[in-house]
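Written out below as structure tokens is the structure these notes cover.
The sequence lines fix the lettering, A, B, ..., with proteins before strands; numbering per chain opens at 1. Side-chain atoms are counted along with the backbone in the values below, which use heavy atoms only and exclude waters and symmetry mates.
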Amino acid sequence: MAWDLLGKVLVSRSVDGTVAVRLTEVEAYLGPDDPACHTAGRKRTDRVQSMWGEAGRAYVYMIYGLHHCLNVVTVGEAGEAILLRGAVAVSGDELIRLRRGPTVSRKHLLNGPGKLCQALAVDRGDDGVDLCDSVGRLWIADDGTIPRPEAVEVSGRIGVDYAGDAAHWPLRFVWRPDGHAGIMGPGG
DNA sequence: TCTAGGATCGGCT
DNA sequence: GCCGATCCTAGAT
């Protein structure tokens, strides 16, 4: 599930070099029964095709015409996926700064899905790639890091108010390695 | 072909 | 912390 992705290392390799980041913030989308999900109502357009593909693959889409968002497909036949919202740099710091801009503060480097994709140079071309395949351009590595449960904050999802109650479902997981996080139920 | 809306970001206060 | 730019995608005609 989404929780298991926290602490995992997302690696992106390109001609410019390699970037690795540790995932700290994810959001789950539960498929046809989730109004906030792109596969709500069993929708199956070209864009969401990879969400119905194999588990462990990437689903990359463009939002607001200018940003990309990277998801991990969890249950392909169910159209479920997990949106990667935030991370901290592990290696390739210079390349990340180069892509994000030299004036961007460390705090704002990877704290959003669009920023994450920019730092890792992820775009629609990466849609459908196998994230379990370490010889690929993009994959997820596991170095054994497991967040302490008390350091993980659970809350409602961001930017999906249009989905009504579903926006408040406790499907957003934020790992705060430095501090403590209270466990919050739906509604705060 | 046209229209409406969106899983965001960055600048300004 | 708040607000508006931006243009791709999907659905309707």
Side-chain angles (χ1 to χ4, degrees), chain A residues 1-6 8 10 12 19 21 23-53 55 57-76 78-89 96-129 131 138 140 152-175 184 186-188:
Chain A
M1 61 178 282
W3 186 294
D4 297 327
L5 278 174
L6 293 176
K8 296 285 190 297
L10 179 61
S12 157
V19 168
V21 302
L23 300 175
T24 58
E25 183 175 349
V26 298
E27 244 175 47
Y29 287 84
L30 302 183
D33 296 329
D34 179 357
C37 187
H38 285 177
T39 53
R42 302 203 65 78
K43 196 165 62 175
R44 196 165 187 146
T45 60
D46 284 348
R47 186 177 66 152
V48 303
Q49 205 56 242
S50 50
M51 264 183 101
W52 295 101
R57 289 182 182 268
Y59 164 50
V60 181
Y61 69 94
M62 175 163 276
I63 185 66
Y64 296 109
L66 60 159
H67 303 295
H68 291 279
C69 294
L70 172 62
N71 298 248
V72 181
V73 176
T74 50
V75 188
E80 294 187 19
I82 293 165
L83 169 68
L84 308 184
R85 293 190 61 93
V88 292
I96 293 175
R97 297 206 87 91
L98 190 69
R99 287 169 175 162
R100 292 282 298 121
T103 60
V104 179
S105 68
R106 188 173 188 83
K107 185 180 177 183
H108 293 165
L109 223 45
L110 297 164
N111 68 335
K115 298 174 184 179
L116 199 56
C117 286
Q118 189 182 7
L120 298 176
V122 170
D123 58 26
R124 285 285 286 165
D126 296 302
D127 190 47
V129 304
L131 294 173
L138 192 67
I140 292 176
V152 176
E153 178 183 317
V154 183
S155 67
R157 291 176 292 183
I158 303 295
V160 292
D161 289 345
Y162 64 88
D165 287 346
H168 304 297
W169 293 354
L171 296 175
R172 175 170 174 247
F173 303 89
V174 184
W175 177 33
M184 291 165 43

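- Centre separation under 5.5 Å together with a plane angle under 30° holds for the ring of A:Tyr29 and the six-membered base ring of B:dA7, marking them as stacked.
- For the pair A:Arg47 and C:dA10, the criterion of a side-chain N or O lying under 4.0 Å from OP1 or OP2 is met.
- Rounded to an integer number of Å, the gap from A:Leu116 CG to B:dA7 P is 17 Å.
- For A:Met62, the listed nucleotide lying nearest its side chain is C:dC8; candidates were B:dA7, C:dC8, B:dG10.
- Checked options A:Asn71, A:Val72, A:Val21; the residue passing with A:Leu84 is A:Val72 (criterion: side chain to side chain contact (heavy atoms under 4.5 Å, CB included)).
- Side chain of A:Asp34 to main chain of A:Tyr29: no donor-acceptor pair is present (N/O by atom type, distance under 3.5 Å, no hydrogens or angles).
- Summarising the geometry, the separation between CZ on A:Arg85 and P on B:dA7 is reported as 11 Å, rounded to the nearest angstrom.
- Taken from CD in A:Gln118 to CZ in A:Arg100, the straight-line distance is 5.0 Å, to the nearest 0.5 Å.
- Between A:His108 and B:dG10 there is no side-chain polar atom (N or O) within less than 4.0 angstrom of OP1 or OP2.
- In the set B:dG6, C:dC8, B:dG10, the nucleotide with an atom closest to the side chain of A:Lys115 is B:dG10.
- Going from atom CG of A:Asp127 over to atom C1' of C:dT9 covers 14 Å, rounded to whole Å.
- Checked by atom type and distance alone, the side chain of A:Arg44 never pairs as donor or acceptor with a backbone atom of A:Thr39 at under 3.5 Å.
- Nearest-nucleotide positions on DNA chain C for A:His67 and A:Arg124 put A:His67 closer to the 5' end.
- Pair assignment for C:dT6 gives none, since no Watson-Crick or G-U wobble pairing has each distance under 3.5 Å.
- In this structure, A:Met51 atom CE and C:dA10 atom P are separated by 13 Å, rounded to whole Å.
- The side chain of A:Tyr61 approaches B:dA7 more closely than any other nucleotide in the set B:dG10, B:dA7, C:dG11.
- Side-chain N/O atoms of A:Tyr59 include none lying less than 4.0 angstrom from OP1 or OP2 on B:dA7.
- Place A:Val160 and A:Arg100 on DNA chain B by their nearest nucleotides, and A:Val160 ends up nearer the 5' end.
- Considering only the side chain of A:Tyr64, B:dT8 comes nearest among B:dT8, B:dA7, C:dA10.
- A:Ile63 places its CD1 atom 16 Å from the C1' atom of C:dG4, with the value rounded to the nearest Å.
- Separating the CD1 atom of A:Ile158 from the C1' atom of B:dC9 is a distance of 14 Å, rounded to the nearest angstrom.
- Pair assignment for B:dT1 gives C:dA12, based on Watson-Crick or G-U wobble hydrogen-bonding distances that are each under 3.5 Å.
- Although no hydrogens or angles enter the test, the distance criterion places a donor-acceptor pair under 3.5 Å between the side chain of A:Arg97 and the main chain of A:Val104.
- A:Asn111 places its CG atom 11 Å from the C1' atom of B:dG10, with the value rounded to the nearest Å.
- Computed from coordinates, the A:Lys43 NZ to C:dT9 P distance equals 13 Å when rounded to whole Å.
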